[in-house]
Amino acid sequence: MNLHEFQAKELFESYDLPVSKRGLIRKLSDVDNAIASIDFSNGCVAKVQAHTGGRGKVGGVKLCKNKEEIENFVSSWLGKNIITNQTDEVGLPVNIVSIDELTDIDSELYMSLIVDRADKCVSMIVSKAGGMNIEEVAETNPEKILKLKFKHNVQVSEQDINELSSKLDFNSNQTEQFKKIVKNTHKLFVEKDLSLLEINPLVITSSGELHCLDAKINVDENALYRQEEILGQRDPSQEDQREYEAKQHDLSYVSLDGNIGCMVNGAGLAMGTMDTIKLYDGEPANFLDVGGTATKERVGEAFKLILSDKNVKGILVNIFGGIVRCDLIAEGIIGAINEIDVNVPIVVRLQGNMSDEGKILLNNSGLNVIGEDSLMKASQKIVELVK
Ligand code: GDP
Ligand code: MN
């Protein structure tokens, strides 16, 4: 789960990390209060709040000298979508603008912490070449990207930070500040179950201080049960609506670009199903695992979810009944088709527990559902039908 920049900065503040003071604007009439809540003597930087980076490149971050410039920025963004190189072509809705106290920048660095699955540790990535083109730097000058790995429950060693600081050309004052930033981001990362914490740019100000100008936080979804406060900050408007719906029903769903909706039980089988669709030159519209304990209700929800994607031109249901009973799945399918208007072809493969009973139910339902026993044939069939 992602947080907005302003929410991440609030967390940063509570971990004593240096961020700019800010005021929030949700409607034009909030501008006066927002200005009054910060030191506006040097102007401010107005920033669109949306779950994406790359805002600077599309005018979503702007230095404003006076109230009028802020109002123009706010009117031009509130209620619109921001489209960046990190969003899809629809973009994300802008409902909040933050105005941050202005920082004079000497240089921009990059810093992040991520969960390093391969080495079962936390990886810190730092670069002197921070700012808006960090992705390019990683590709063209990978030697400019420095890494430090540490155990999640062990303090980072002074020596490691000293070495890194000298590579980053920090003076002694900056090295001390950097130590504090590493220590506190690490603490935040572990205590709040983050999977990503990114500061881009981490800047050196004109007076030589380290300061976090941007803040991005991603929280591990699997830990949200124990991060109630963070969960309360979820902003559904920034999430894929179908993926959000799916979460509410405990379905594991990822939307994709193709036109064949997939409903499968088990992540491995779902991957295999997507592979066979591709083998026959089809494109899956989604990954969907209804789980090993799929109930009739959840299958119904899953079906509605798939059909809410207007790109879907056909559906492949592939269920292997182990614990789950195929006849219940069949009832779920029939129930869903009867409830919603389905006008795309559906191919169903049921195998295993009570599959014969399931097939009979589907055959007798009078619905236009095509049964196939083999996965290869079922995939081939649905690809043919959507063409
Ligand atoms: P992003 O493009 O979505 O990652 O948004 P950022 O928060 O990183 O802002 C983009 C760029 O705006 C930064 O790389 C800075 O160059 C610039 N910027 C942001 N805040 C300030 C500020 O307080 N002062 C100055 N001078 N530039 C800023
Ligand atoms: Mn940034």
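No hydrogens, no waters, no symmetry mates; every other heavy atom, side chains included, goes into these values. For this chain, numbers begin at 1 and follow the sequence in order. For ligands, and for the atoms within them, numbers begin at 1 and follow the listed sequence.
Closest to atom 3 (O) of ligand 1, if we only count protein heavy atoms, is Arg55 NE, 2.7 Å. Nearest to atom 10 (C) of ligand 1 among the protein's heavy atoms is Met132 SD, 3.9 Å. The single protein non-hydrogen atom nearest to atom 14 (O) of ligand 1 is Glu108 OE1, 3.0 Å, given as residue, atom name and distance.
Side-chain atoms of Asp240 come within 3.5 Å of backbone N or O of Arg242 as a donor-acceptor pair. Judged by distance alone, the side chain of Asn141 and the main-chain N or O of Val137 form no donor-acceptor pair under 3.5 Å. Under a 3.5 Å cut-off, the side chain of Glu357 and the backbone N or O of Cys326 do not form any donor-acceptor pair. One N or O on the side chain of Gln174 and one on the backbone of Asn171 form a donor-acceptor pair closer than 3.5 Å. Here the side chain of Ser76 pairs a donor or acceptor atom with the backbone of Asn72 at under 3.5 angstrom.
With hydrogens and angles left out, the side-chain atoms of Lys387 and Asn259 include no donor and acceptor closer than 3.5 Å. Checked by atom type, the side-chain pair Thr52/Thr87 shows no donor-acceptor distance below 3.5 Å.
The atoms of ligand 1 that sit less than 4.0 Å from any heavy atom of Val61 are 5 (O), 9 (O), 12 (O). Within ligand 1, the atoms closer than 4.0 Å to a non-hydrogen atom of Pro201 are 8 (O), 13 (C), 14 (O), numbered from 1 in the order shown. Atoms of ligand 1 found under 4.0 Å from any heavy atom of Gly53, numbered from 1 in the order shown, are 3 (O). Close contacts of ligand 1 with Gly56, meaning ligand atoms under 4.0 Å from a residue heavy atom, involve 1 (P), 2 (O), 3 (O). Listed by atom number, the atoms of ligand 1 under 4.0 Å from Thr103 heavy atoms are 22 (C), 23 (O), 24 (N), 25 (C), 26 (N). Taking every non-hydrogen atom of Lys47 and a distance limit under 4.0 Å, the qualifying atoms of ligand 1 come out as 6 (P), 7 (O).
Only the side chain of Ile105 comes within 4.0 Å of ligand 1, counting heavy atoms alone; its backbone N, CA, C and O stay farther away. Under 4.0 angstrom from ligand 1, there are no non-hydrogen atoms of Lys57. For Asp100, no heavy-atom contact with ligand 1 is shorter than 4.0 Å.
A salt bridge links Glu239 with Lys247: at least one charged nitrogen is closer than 4.0 Å to a carboxylate oxygen. For Asp275 and Lys278, the salt-bridge test fails: no basic side-chain N is under 4.0 Å from an acidic carboxylate O. No salt bridge links Lys21 with Asp39; every basic N to acidic carboxylate O contact stays at or beyond 4.0 Å. Salt-bridge formation is not detected for the pair Lys9/Glu13: no Lys NZ or Arg NE/NH1/NH2 atom is positioned less than 4.0 Å from an Asp or Glu carboxylate oxygen.
Heavy-atom neighbours of Lys381 NZ from other residues, nucleotides or ligands within 6.0 Å: at or below the threshold of 12.
Remark: atom 22 (C) of ligand 1 lies closer than 4.0 Å to at least one protein heavy atom.
Between atom 4 (O) of ligand 1 and the options Val203, Val48, Leu213, Asp214, the minimum heavy-atom separation is to Asp214.
Summarising the geometry, atom CE belonging to Met111 is positioned 10.0 Å from atom CG belonging to Leu210; distances are rounded to the nearest 0.5 Å.
Here the protein contributes Asn200 O, Asp214 OD2 as N, O or S atoms under 2.8 Å from the Mn ion (ligand 2).
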